[in-house]
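Quick notes on the structure that follows.
Below, read A as the first sequence line, B as the second, and so on, with proteins coming before strands; counting in each chain starts at 1. The shown structure was predicted, so the numbers you read here are calculated from the model rather than taken from an experiment.
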There are 2 protein chains.
Amino acid sequence: MSGYQHIKQELETMIENKIWNVGEKLPSEYELAKHFSVSRETLRSAIKLLEQDGKLLVKHGIGTFVIKPLPGIPSRLEFLQSIGTMIKLAGLTETDSKEMIGEVDCTEEWAKTLNIEEGSQVVKVERIRYADGEAVTYSVNIMPKDLVGDAFERADFSGSLFNFLEKECSIHIAKADTELVVPPNKDKYVERLKNHQEETPVLLMKQLHYDQQNREVLYSYDYLRSDVFQFWVRRERK
Amino acid sequence: MSGYQHIKQELETMIENKIWNVGEKLPSEYELAKHFSVSRETLRSAIKLLEQDGKLLVKHGIGTFVIKPLPGIPSRLEFLQSIGTMIKLAGLTETDSKEMIGEVDCTEEWAKTLNIEEGSQVVKVERIRYADGEAVTYSVNIMPKDLVGDAFERADFSGSLFNFLEKECSIHIAKADTELVVPPNKDKYVERLKNHQEETPVLLMKQLHYDQQNREVLYSYDYLRSDVFQFWVRRERK
DNA sequence: CAGTGGTCTAGACCACCGC
DNA sequence: CGGTGGTCTAGACCACTGC
């Protein structure tokens, strides 16, 4: 590990060990650099990381302060994870059933979203995930045929779609733009998630996934039972 | 503006003007630094900013590349904004009515969330926002009396709560942890947002707001008509 | 004013990649 | 191996804050 990352951890431990209480000022950057025997710039890199993590507050001309640690949240939406991971984080054990895997013609909406020709071939995968015998998610995944080729015929798809795309197609999903929608009660996929209760609340995530170069690679509809999952976002003011 | 921020803008303009196409490699940091007559570290600071903005992809040992610009999204949940701002961004003109402003005893849930004594005094503000004559949001805001004092009696509250807290109480809201909930149809606040249609979809944001020192300062229930607002998040994989 | 953080430099060496 | 980005230094000067 590089020097400034190491110092970041040192400082982190010191904060956890209450060397300085919440609200207290740290020694000046000059002093801290001397203490760790590094240059001031290196020390500053470490502080910048802790500032981004929300553990320090730096005030120009005044000093650097320890601030109250925020609660840890298991699953935050700003951090992209596969649905499988979200299920694990919710403390559930998953079994799944593929509802369909195959090629279909691209609709207008998919074409526009994925930035491909209308009517070109796409591969569509539909899955239901169960936990304790109850359906908890319904996912529809759409990928351009040009990108995935015959991977779904060639290899057996099971487990994480992210891993599958990485291994079989060298596609690394890096980000996604996600719209959160409260779907109408009569939506056909919502129907599939209904249990015996009168009202089964469902949230729909319409997700456009990008690779590292920001190319559109995967469009998904993920229906999640909102009585089973919690959706958190940490929001910051800019 | 400092030097590296200036260079960031220069580079940004050059990218927009297609000096380099999407996917192309920029000159090396050494070359760019020479071109702008700055040190390499300064040049690197500018590049780091563009990388965080998702405009450049830096590959160790290979080079720095222009990547596809992502679509601009008007309102992203990771960026904390007042409901009033969200309404403006949705292209609506707002009128509002205060349903109540006053002091009440703190419930157990509020106490736990705001990290104050159960039964201590809190100030509660309820507002309905209308656009084109229809109710589009219902907000319940809870603030510890210790923090806001008699600000709501002393001064006239109208417009943005964030601005009011800033001006009257020197409270700067910096972040929030928000849980997104699909509320039950019979929720009393959801009832207030129903219009003539059969089904009025509503999303509830349970938001705990922090100041710059991460102190809990405001807890809100914000009910938003999801046929009027769009909820987007950009998710990144870590 | 003194003390703090913010920016910048010129140069060095290391780590990674493709050939 | 040569070319790229990643880290680090010692020192300088600037910008902001509180007294």
Side-chain angles (χ1 to χ4, degrees), chain A residues 1-12 14-15 19-21 23-67 170 172 174 211-213 238, chain B residues 1-12 14-15 19-67 166 170 172 174 211-213 238:
Chain A
M1 188 183 307
S2 59
Y4 72 95
Q5 293 178 64
H6 184 250
I7 291 179
K8 182 204 168 185
Q9 291 211 326
E10 296 268 324
L11 286 170
E12 214 158 1
M14 291 167 87
I15 292 168
I19 306 292
W20 311 285
N21 285 314
E24 276 186 6
K25 192 170 81 167
L26 266 58
S28 73
E29 297 181 346
Y30 175 80
E31 301 258 352
L32 283 172
K34 204 172 55 180
H35 174 258
F36 289 114
S37 310
V38 294
S39 75
R40 204 183 130 212
E41 284 292 1
T42 302
L43 186 275
R44 274 173 62 77
S45 304
I47 285 185
K48 209 168 274 180
L49 291 182
L50 289 166
E51 197 186 8
Q52 287 178 323
D53 285 358
K55 304 195 171 169
L56 291 178
L57 178 62
V58 181
K59 297 188 190 179
H60 189 180
I62 309 183
T64 301
F65 301 81
V66 178
I67 54 182
S170 303
H172 178 81
D211 69 4
Q212 285 180 305
Q213 280 84 44
K238 294 289 159 197
Chain B
M1 189 184 307
S2 60
Y4 71 95
Q5 294 178 62
H6 183 250
I7 290 179
K8 181 203 168 185
Q9 291 211 326
E10 296 269 324
L11 285 169
E12 213 159 2
M14 290 167 87
I15 292 168
I19 305 293
W20 311 285
N21 284 316
V22 167
E24 276 186 6
K25 192 170 82 166
L26 266 58
S28 73
E29 297 180 345
Y30 176 80
E31 300 259 350
L32 283 173
K34 204 173 56 182
H35 174 258
F36 288 114
S37 310
V38 294
S39 74
R40 201 182 134 215
E41 283 293 0
T42 302
L43 187 272
R44 273 174 63 76
S45 305
I47 286 185
K48 209 167 275 180
L49 292 182
L50 289 165
E51 198 186 7
Q52 288 178 322
D53 286 358
K55 305 195 170 169
L56 290 178
L57 178 63
V58 181
K59 298 189 190 178
H60 189 179
I62 308 184
T64 301
F65 300 81
V66 178
I67 54 183
E166 182 106 40
S170 303
H172 178 81
D211 68 3
Q212 284 179 304
Q213 281 85 43
K238 295 288 161 198

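- When rounded to the nearest whole Å, the span between CD1 of I62(B) and P of dA15(C) equals 18 Å.
- Atom CD of E51(B) is separated from atom CG of L57(B) by 7.0 Å, given to the nearest 0.5 angstrom.
- The NZ atom of K34(B) sits 17 Å away from the C1' atom of dT9(C) (whole-angstrom rounding).
- The distance between atom CD of E29(B) and atom C1' of dA15(C), rounded to the nearest whole Å, is 13 Å.
- Distance L43(B) CG to dT7(C) P: 16 Å, rounded to the nearest Å.
- A side-chain N or O of Q5(A) and one of S2(A) form a donor-acceptor pair less than 3.5 Å apart.
- Across dT9(D), dA12(C), dG5(C), the shortest atom-to-atom separation from the side chain of S39(A) is found for dT9(D).
- Set against dT7(C), dC17(C), dC8(D), the side chain of R44(A) has dT7(C) as its closest nucleotide.
- Note: CG (L32(B)) to P (dT4(D)) measures 11 Å, nearest angstrom.
- Looking at which nucleotide of DNA chain D each of S37(A) and V58(B) is closest to, the 5′-most match is held by V58(B).
- Taking each heavy atom of Y4(B) and A46(B) in turn, the nearest pair found is O-CB, 3.4 Å.
- The distance between atom NE2 of H60(A) and atom P of dG18(D), rounded to the nearest whole Å, is 12 Å.
- The side chain of Y4(B) approaches dT7(C) more closely than any other nucleotide in the set dG6(D), dA10(C), dT7(C).
- Backbone-only contact: T64(A) has heavy atoms under 4.0 Å from sugar-phosphate atoms and none from a base.
- Sequence order on DNA chain D of the closest nucleotides to R40(A) and S28(B) puts S28(B) first from the 5' end.
- Distance CD (E41(B)) to C1' (dG11(D)): 14 Å, rounded to an integer number of Å.
- Straight-line distance from the NZ atom of K25(A) to the P atom of dG18(D): 11 Å, rounded to whole Å.
- The side chain of T42(B) contributes an N or O atom lying less than 4.0 Å from OP1 or OP2 of dT9(C).
- The distance from atom OG1 of T64(A) to atom CG of L50(A), rounded to the nearest 0.5 Å, is 10.0 Å.
- Among the heavy atoms of the strands, none lies under 4.0 Å from Y30(A).
- How far CG of L43(A) is from NZ of K8(A): 14.5 Å, rounded to the nearest 0.5 Å.
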